[in-house]
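Single-structure report; data block below.
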Amino acid sequence: MSDKRAMNILSELHAAEEELVGKAVVLTDGKAGAIVHVFLDDAHGLRISISGHDGKWPISTVKHIEN
């Protein structure tokens with residue numbers, strides 16, 4: 001992977017953190033809370049952790065996000 005591509009990925013991860021951290025979400029399994037951290041996972045892409053629940057979930061499991 002080129003250095004430019006790696007920097008682009010990190011830049012997008014940082015932008016996702018700024019946009020998502022602190023927002024309230026409801027996941028498809030009914031868990032709800034505020035996003036406390038955004039992760040990049042090789043297998044699943046963007047993952048989040050939410051307050052009040054242990055674990056990390058793929059961003060695709062978000063059913064609703066606070067606007």
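Here, residue 1 is the first one in the sequence, and each next residue gets the next number. Keep in mind the model is a prediction, meaning the values are calculated, not measured.
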What one should report as the nearest heavy-atom pair of G55 and S49 is O-CB, 3.5 Å
Might you point out which heavy atoms bring K23 and E19 nearest each other, and give the distance in Å? CE-O, 3.4 Å
In terms of hydrophobic clustering (I, L, V, M, F, W, Y; side-chain heavy atoms under 4.5 Å; direct or indirect links), are V21 and L10 co-clustered? no
Identify, with sequence neighbours excluded, every residue that meets side chain to side chain contact (heavy atoms under 4.5 Å, CB included) alongside S60. P58
What residues, two or more places apart in sequence or in another chain, satisfy side chain to side chain contact (heavy atoms under 4.5 Å, CB included) together with H64? V26
Distance-only donor-acceptor pairs under 3.5 Å for side chains of residues 29-43, two or more places apart:
residue : atom : partner : partner atom : Å
D29     : OD1  : K31     : N            : 3.1
D29     : OD2  : K31     : NZ           : 2.8
D41     : OD1  : A43     : N            : 2.6
D41     : OD1  : H44     : N            : 3.2

Considering residues, nucleotides and ligands other than H53, do more than 12 of their heavy atoms fall under 6.0 Å from its NE2? yes
After noting the C-alpha distance and the side-chain angles of I48 and L27, does the key distance pass the side-chain contact (heavy atoms from CB on, under 4.5 Å) rule? CA-CA 11 Å; I48 58 171; L27 304 180; 4.2 Å; yes
